[in-house]
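Have a look at the structure below before the remarks.
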Amino acid sequence: MATHPETVRAGDRKLGPRPVLMGIVNVTPDSFSDGGEAFSPERAAERAFRLLDEGAHIIDVGGESTRPGADPVSAEEEIRRVVPAIKAILSGRPEAVISVDTYRARTAEAALDAGALMVNDITALRGDPRMAPLVAGAGCGVVLMHMRGTPKTMQRDPRYGDVVEEVRGFLAGRAEAAVSAGVDPRRIMLDPGIGFGKTVEHNLKLLGSLDAIAGLGFPVLVGTSRKGFIGRITGAEAPRDRVFGTVATSVIAYGRGAFAFRVHDVRANREALEVAAAVEELSS
Ligand code: HH2
């Protein structure tokens, strides 16, 4: 554990030590959990202010749903959704650290110009050849996530030999590619991509063995919030009813070395993680 990085950089900011909370603001009509709830810049800003008040360290603004089976939107539409939202958030809270959830360089560039400090790329810089040079040149933070296939197709019978080994190997390769493209390693976070081309069992194995991914030496971000595998275990069909299950996954991930937590319910996860951190502090 001692060798894990204690911070991650994004622009001129440093985040950490863990637990770092990333609050989700989806400026979409169709996200699986909160679609339509923040589909105007004003609503997106209101939600972001609430999440910041609840203790979020980063606000992740997304303009395209990546739920299984979702259709992509155009870069123009994505920019039309995220840029006014980012500007509205920063006009109310100029200190906020904003991340943009996109795999398109045009969208990322527009978001960085509007003041975002981090790019959350579910394709780990494979989706757009211009993304790696953009991120390297901007000096922003970056999340590199594992995904099998695309959101449209990823849940069609995903199979792995050893899911933990495959995800770990993939993330090691993507971190190396990012560093070769000029990205500062202190700005990189890795994410196993819970729910992206994975069965319930794959998700559980990854959570249980997160220490293998944390062992790569980069801060690990996990995104379990309200996801379907939690509902499959608890029986909670509505995503908003999966908060208790989500909190359990966050605490488990923390115990296996996770650094950052991408969540809809910042207060519940933050309080649980603060307790986990207090216990760890006295037992290490
Ligand atoms: N999950 C979602 C979207 N972006 N980014 C990272 N790094 N890790 C994740 O696990 C992750 C992510 C899906 O969740 P959500 O944004 O709530 O829904 P939707 O994609 O339907 O907008």
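One-based numbering, in listed order, for ligands and for the atoms of each.
When ring centroids are compared, Tyr160 and His202 come within the 6.0 Å threshold.
In summary, Asp162 and Arg168 do not engage in a salt bridge, as defined by a charged side-chain N under 4.0 Å from a carboxylate O.
Other residues, nucleotides and ligands contribute over 12 non-hydrogen atoms within 6.0 Å of the CD atom of Glu77.
Looking at Thr102 and Arg104, their side chains never bring a donor and an acceptor atom within 3.5 Å of each other. Side-chain atoms of Thr153 and Thr150 include a donor-acceptor pair closer than 3.5 Å.
Under the rule for a side chain to side chain donor-acceptor pair (under 3.5 Å), Asp211 has no partner lying at least two apart in sequence or in another chain.
Taking a heavy-atom cut-off of under 4.0 Å, ligand 1 is surrounded by Asn26, Ser31, Phe32, Ser65, Thr66, Arg67, Asp101, Asn120, Ile122, Val143, Met145, Asp191, Phe196, Leu221, Gly223, Lys227, Arg262, His264.
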